[in-house]
Amino acid sequence: MVARVTVLGSTGSIGQSTLDVLARHPDKFAVHALSAYSRIELLVAQARATAARVVVVPTDAAAQEFRRLWGAGVLSPELRVGANALAETAGDDQSQIVMAAIVGAAGLPAALAAAQAGKRVLLANKEALVAAGSLFMAAVKANGAELLPIDSEHNAIFQCLPHHGRASAPTQPAPGVRRLILTASGGPFRLRRWEDLHAVTPEEACAHPNWSMGRKISVDSATMLNKGLEVIEAHWLFAMPPDQISVVIHPQSVVHSMVEYIDGSVVAQLGQPDMRTPIAYGLGFPDRLASGVGLLDLAAAGRLDFSEPDLGELPCLRLSFEALRSGQVACVALNAANEIAVEAFLTNKLSYTRIPSVIEGVLEQMRAAQGATINGIDDVLNLDLEARRRAQQIVFSHSQ
Ligand code: NAD
Ligand code: MG
């Protein structure tokens, strides 16, 4: 049987890798829907190549552009417009698999809708889980959805944990596990001191040594806020207490992460740094699919290095651990403030080293709200908005 797949954020780095893997298996998968926020020309090309039935764009203007570029002649896919249409498409009964590859908390409603519809959810959009971990995992459980982590570290950990052919939401750590060990490349500034980084440019920050990714996650990888988001993500995905999640610097990005067991065994997953491996794993699970990724030549790699991260030099990683220990309100605030700060940095409105100052300022301002309970997605979205507003103010004050 051919499974129908919806790719949210199909024009992004993960979206494009997903379409590459899908195209290798026309006997197993067909595309139901694609979505993009910009780059409509690429969306048109993708819709043609995949014969998608539905495309979702953010505005009427984008829909018009899509129609113009599509032209007359061949029947156009159904065009849907706006964030509500995106969530409805993610949850509709026309696809069995949803790749959640939108960047940022903007992807949360659609990813959640896919979980609520009980689908197989391939989750790349880590910000959704950071902002709404408990709600998201509860929706997976309550609706019998399958959650396959696509972030390479979490996909590696998933592969290293015992499972029984189904990817459900655990409520406690897997038996016998002592620790999850997330690897981090250390990004482009691994060998530089934090205090020397205030003049770095967006181009320098986005030049990741091992991975080719979207600009937001590239900056996060440079500051290591990405690893902080991943620690929070691991906490929710694997029901693991913060103290049993650690980070090790591994510049070659060959070991994608590890699981340490109580008997002293450490199980790792290795491979080339190419997201098509975790994507193929998520699509095929529990079977393995060809992904187009080449062989890992360990002899050519020669050596693999590991070292301890220095939290004194990595303020964004330190703030992430603190947010996780403070609770969900702090995690929403951390993520939202970072999204604003990174956008400001990428548009030359904020210096690189001010990114953690913005996050810390917002966390400080929202400390009083930290005991608040989160009952639903509206609570998350309201807190997210408040944190964004506060972050904008801090960015503005820094630019004066
Ligand atoms: P990207 O910037 O390359 O692509 C983002 C996609 O989301 C695009 O299709 C864009 O049009 C769409 N989008 C952006 N803003 C949107 C909005 N407000 N509403 C709807 N759609 C919107 O990003 P990426 O590198 O592909 O990353 C996607 C997600 O996957 C992120 O959460 C990232 O952290 C995660 N991830 C990426 C990688 C990687 O190698 N790129 C690895 C692990 C995890
Ligand atoms: Mg990752």
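Numbering of ligands and ligand atoms starts at 1, following listing order.
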Among non-hydrogen protein atoms, atom 29 (C) of ligand 1 lies closest to I102 O, 3.7 Å
Does K216 have a non-hydrogen atom less than 4.0 Å from ligand 1?
no
Side chain, backbone, both or neither: E127 near ligand 1, heavy atoms under 4.0 Å:
side chain
Protein heavy-atom partner closest to atom 4 (O) of ligand 1 - residue, atom, separation in Å
G12 CA, 3.1 Å
Mind running side chain to side chain donor-acceptor pair (under 3.5 Å) on H154 and S257 for me, showing each step along the way?
CA-CA 7 Å; H154 307 75; S257 276; over 6 Å; no
What is the nearest protein non-hydrogen atom to atom 19 (N) of ligand 1, stated with its residue, atom name and distance?
Y37 CD1, 3.3 Å
Ligand 1 versus I217, non-hydrogen atoms closer than 4.0 Å: side chain, backbone, both, neither?
side chain
Please list, in number order, the atoms of ligand 1 under 4.0 Å from a heavy atom of M275.
40 (O), 42 (C), 43 (C)
Polar contacts were defined as any N/O atom of the residue lying under 3.5 Å from an N/O atom of the ligand; does this apply to S13 and ligand 1?
yes
Please check this pair: side chain of N125 against backbone of A101, looking for a donor-acceptor N/O pair closer than 3.5 Å.
no
When distances are taken from atom 27 (O) of ligand 1, the protein heavy atom at minimum range is I14 CG1, 4.2 Å
Check the orientation of Y281 and F285. Use parallel for under 30°, tilted for 30 to 60°, and perpendicular for over 60°.
tilted
Using side chain to side chain donor-acceptor pair (under 3.5 Å), reason through E88 and N84 one step at a time and then give a plain yes or no.
CA-CA 6 Å; E88 279 161 22; N84 288 343; 5.7 Å; no
Please answer whether the main-chain N or O of M240 pairs with a side-chain N or O of H235 as donor and acceptor at a distance below 3.5 Å.
yes
Polar contact flag, side-chain donor to acceptor under 3.5 angstrom, Q96-R4
no
Does atom CZ of F306 have more than 12 heavy-atom neighbours from other groups under 6.0 Å away?
yes
Can you tell me if T223 uses its side chain to pair, donor with acceptor, with the backbone of C316 under 3.5 Å?
no
Can a donor-acceptor pair be found, under 3.5 Å and without considering hydrogens, that links the side chain of E127 to the backbone of G104?
yes
Polar contact flag for T11 and ligand 1 (N/O pairs, less than 3.5 Å)
yes
Backbone or side chain, does any N or O of L86 fall under 3.5 Å from an N or O of ligand 1?
no
For the 3.5 Å polar cut-off, considering only N or O atoms, please tell me whether G9 and ligand 1 meet it.
yes
Is D310 paired with R318 through a side-chain N to carboxylate O contact shorter than 4.0 Å?
no
So do the side chains of I279 and L22 get within less than 4.5 Å of each other, counting heavy atoms only?
no
May I ask you to identify the nearest protein heavy atom to atom 44 (C) of ligand 1, giving residue, atom name and distance to one decimal place in Å?
D151 OD1, 3.5 Å
Starting from atom 6 (C) of ligand 1, what is the nearest protein heavy atom, named by residue and atom, and what distance separates them?
A101 O, 3.7 Å
Could you identify the single nearest non-hydrogen protein atom to atom 5 (C) of ligand 1 and state the distance to 0.1 Å?
V103 CG1, 3.7 Å
Distance filter under 4.0 Å to A106 heavy atoms, resulting ligand 1 atoms:
17 (C), 18 (N)
Which part of K126 is near ligand 1, with near meaning a heavy atom under 4.0 Å away: side chain, backbone, both or neither?
both
Protein contact to atom 35 (C) of ligand 1 [nearest heavy atom, distance to 0.1 Å]
A124 O, 3.1 Å
Donor-acceptor check, side chain of H208 to backbone of P188, threshold 3.5 angstrom: yes or no?
no
At a cut-off of 2.8 Å, list the protein N/O/S atoms near the Mg ion (ligand 2), residue plus atom name.
D151 OD1, E153 OE1, E230 OE2
Before you tell me yes or no, could you show the steps for K227 and S320 under side chain to side chain donor-acceptor pair (under 3.5 Å), namely the whole-Å CA-CA distance, both residues' side-chain angles and the distance that decides it to 0.1 Å?
CA-CA 8 Å; K227 208 50 54 181; S320 306; over 6 Å; no
Looking at H32, is its backbone amide N or carbonyl O close enough to the side chain of T6 to form a donor-acceptor pair, meaning the two atoms are under 3.5 Å apart?
no
Numbering as shown, the atoms of ligand 1 that approach S38 to under 4.0 Å (heavy-atom distance):
11 (O)
Quick one: are the ring centres of Y352 and F189 less than 6.0 Å apart?
yes
